[in-house]
Colleague: 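First the structure, which I've put down as structure tokens, then a few questions once you've had a look.
Basis for what follows: all heavy atoms, side chains included, without hydrogens, waters or symmetry-related copies. No experiment lies behind these values; they were computed from the predicted model shown.
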Amino acid sequence: MATVTLDQYLASILQSNPTDKNEIRLRAGNADFDLFTIYLENHNKGIHRYRMDVPTILYVAKGNVTIKSGEKIVAMKSGNVLLLTEECKYEIMQQNPDAVLAKLKFKPSFRYRKYFNDFSSKGDREDEVINQIVDNLENEHVLWLKNNLLTRASQVMQHIIGGYLNNDLFAKALIRAELNVMLIISIRTQRMATPTSLDKTKFERSALDNYIDLHFADISLTKTARYFGFNANYFSNMVKSKTGKSFVDHVDERRMREARILLAQPDISLKDIIGRVGYSSKSFFYKKFNQYYQMTPAAMRAELFKQANINLK
């Protein structure tokens with residue numbers, strides 16, 4: 001199967017499969033393949049809510065998919081990868097009509113820490129990175145790798161899925177090697193939000209942005225400062241001095257971007273949007289939205305529908 005047509009092939013499976021199950025299992029080309037099993041997220045109606053019993057990797061082959069895990073909302077785009085532990089609970093909040101979400105479910109014996117530890121061969125520096133990543137994964141139960149379709153990591157991921165579907169020689173060995181490549185490239189290009197990502201002499205803006213990405217729906221200055229190892233006052237002053245904006249401004253900015261994404265989806269009510277982005281007051285949300293976009297949420301939604309040729313009348 002040519003990798004350039006993989007998303008169309010997977011989409012055709014979704015379109016032609018009449019099952020009402022939330023997940024559609026893809027059979028491996030080789031019946032003896034036992035590293036993982038791949039499923040596609042169906043587009044049937046109803047609640048798509050899961051509690052994982054095995055480690056899983058989610059990959060968006062096409063479109064956009066919004067996932068909620070605990071209080072974290074993850075707006076995944078094409079090429080994005082999400083690692084889930086076996087304790088993870090998550091819900092598919094939204095899928096574009098053309099979205100293709102593939103799930104690689106590993107065997108119960110698979111352990112991220114052991115798997116990642118095999119990557120390290122250069123001593124303390126790599127060990128530190130691996131420990132930070134696995135600690136973050138085990139604490140949060142999710143790890144978001146923001147690849148896109150143009151990155152090598154995403155192209156390798158497509159080749160992994162294609163290899164799983166085919167019955168080529170040495171498929172398992174190749175897939176295992178390619179999985180290593182995909183994860184290593186992803187790790188090298190990501191800036192993870194971990195407690196050691198910020199210190200008093202070197203401020204990593206991207207680490208703060210990544211943390212806010214995962215927690216903006218339920219976030220506070222005190223919890224964030226504690227996560228990065230600072231007291232709240234010091235952390236607040238450091239963010240302001242290094243970025244020129246307050247911690248609250250950073251959070252509001254992320255919430256406003258998410259609100260705009262959700263407003264473009266006609267089946268999500270304004271009340272739900274306000275709650276999903278982390279506000280409890282409608283009037284406060286309207287005030288912040290108008291300050292940020294210089295228009296009301298209703299006007300923004302109408303403009304977005306017009307751009308997408310959506311007519312609900």
Colleague: Please tell me if the side chains of Phe106 and Ile57 come closer than 4.5 Å, counting only heavy atoms from C-beta onward.
Modeller: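 In contact.
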Colleague: Taking C-beta and beyond as the side chain, do Arg25 and Thr37 meet within less than 4.5 Å on heavy atoms?
Modeller: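 SC-SC contact between Arg25 and Thr37 confirmed.
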Colleague: Decide if atom CZ of Arg113 counts as having more than 12 heavy atoms of other residues, nucleotides or ligands within a radius under 6.0 Å.
Modeller: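 Yes - once you tally the heavy atoms of other residues, nucleotides and ligands closer than 6.0 Å, there are more than 12.
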Colleague: According to ring pair (Phe, Tyr, Trp, His ring centres under 6.0 Å), does anything in residues 56-105 pair up with another residue at least two apart or in another chain? List the pairs.
Modeller: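 Qualifying pairs, neighbours excluded: Tyr50-Tyr90.
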Colleague: If we only count heavy atoms from C-beta on, is the Met76 to Leu82 side-chain gap below 4.5 Å?
Modeller: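 Yes. Closest side-chain heavy atoms under 4.5 Å.
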Colleague: Heavy-atom count around Lys89 NZ within 6.0 Å, excluding the residue itself: above 12?
Modeller: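 Result for NZ/Lys89: open.
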Colleague: Who are the ring pair (Phe, Tyr, Trp, His ring centres under 6.0 Å) partners of Phe284, not counting sequence neighbours?
Modeller: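 Counting only residues at least two positions away or on another chain, Phe284 forms a ring pair (Phe, Tyr, Trp, His ring centres under 6.0 Å) with Tyr279.
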Colleague: Testing Tyr292, Phe285, Tyr286 one by one against Phe289 for a ring pair (Phe, Tyr, Trp, His ring centres under 6.0 Å), which residue passes?
Modeller: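 Considering Tyr292, Phe285, Tyr286, a ring pair (Phe, Tyr, Trp, His ring centres under 6.0 Å) with Phe289 is found only for Phe285.
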Colleague: Less than 4.5 Å apart, any side-chain heavy atom of Val142 and any of Cys88?
Modeller: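 Yes, at least one pair of side-chain atoms sits under 4.5 Å.
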Colleague: Report yes if the distance between the aromatic ring centroids of Phe36 and Phe110 is under 6.0 Å, otherwise no.
Modeller: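 Not close enough - the centres of the two rings lie 6.0 Å or further apart.
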Colleague: Less than 4.0 Å between a side-chain N and a carboxylate O, is that true for Glu23 and Lys105?
Modeller: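 Salt bridge: yes.
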Colleague: Going by distance alone, is a donor N or O of one side chain under 3.5 Å from an acceptor N or O of the other, for His48 and Glu41?
Modeller: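 Yes, because at least one side-chain N or O of His48 sits under 3.5 Å from a partner of the opposite role on Glu41.
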Colleague: Once rounded to the nearest 0.5 Å, what's the spacing between atom CG of Leu183 and atom CE of Met157?
Modeller: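 Rounded to the nearest 0.5 Å, the CG-CE separation comes to 8.0 Å.
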Colleague: Any side-chain heavy atom of Glu258 sitting closer than 4.5 Å to one from Ile73?
Modeller: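 Yes. Closest side-chain heavy atoms under 4.5 Å.
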Colleague: In terms of side-chain heavy atoms, does His250 have a donor or acceptor partner in Thr243 at a distance below 3.5 Å?
Modeller: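 There is such a pair between these side chains.
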Colleague: Within the structure provided, determine whether Gln94 and Leu262 are in side-chain contact (heavy-atom separation under 4.5 Å).
Modeller: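 Result no, sub-4.5 Å side-chain heavy-atom pair not found.
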Colleague: Tell me which one of Asp213, Asp249, Asp209 satisfies salt bridge (Lys or Arg N to Asp or Glu O under 4.0 Å) with Arg254.
Modeller: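 When Asp213, Asp249, Asp209 are each tested with Arg254, the salt bridge (Lys or Arg N to Asp or Glu O under 4.0 Å) holds only for Asp213.
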Colleague: Pick one: which of Ile268, Ile274, Asp272 meets side-chain contact (heavy atoms from CB on, under 4.5 Å) with Leu270?
Modeller: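 With Leu270 as partner, side-chain contact (heavy atoms from CB on, under 4.5 Å) holds for just one option, Ile274.
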Colleague: Does one side chain, of Thr222 or Ser220, offer a donor that lies under 3.5 Å from an acceptor on the other?
Modeller: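 Side chains of Thr222 and Ser220: no pair found under 3.5 Å.
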Colleague: With rounding to the nearest 0.5 angstrom, report the CG to CD1 distance, Leu165 to Ile161.
Modeller: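 Atom-to-atom, Leu165:CG and Ile161:CD1 are 7.5 Å apart.
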Colleague: With distance as the sole criterion, is a donor-acceptor pair present between the side chains of Asn80 and Asn147 under 3.5 Å?
Modeller: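 Distance-only check fails for Asn80 and Asn147.
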Colleague: Would you check if Thr85 and Pro55 make a side-chain contact, meaning some heavy-atom pair closer than 4.5 Å?
Modeller: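 They are not in contact (no side-chain heavy atoms under 4.5 Å apart), so the answer is no.
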Colleague: Apply the test side-chain hydrogen bond (donor to acceptor under 3.5 Å, both in side chains) to residues Asn17 and Asn42: give CA-CA distance (whole Å), side-chain angles for both, the deciding distance (0.1 Å), then the verdict.
Modeller: CA-CA 9 Å; Asn17 198 306; Asn42 203 356; 5.8 Å; no
Colleague: Taking the side chain as everything from C-beta on, heavy atoms only, tell me whether Leu58 gets closer than 4.5 Å to Tyr39.
Modeller: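 Counting from C-beta outward, Leu58 and Tyr39 never come under 4.5 Å.
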Colleague: When rounded to the nearest 0.5 angstrom, what is the spacing between CD in Glu87 and CE in Met52?
Modeller: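 Between Glu87 CD and Met52 CE, I get 11.0 Å after rounding to 0.5 Å.
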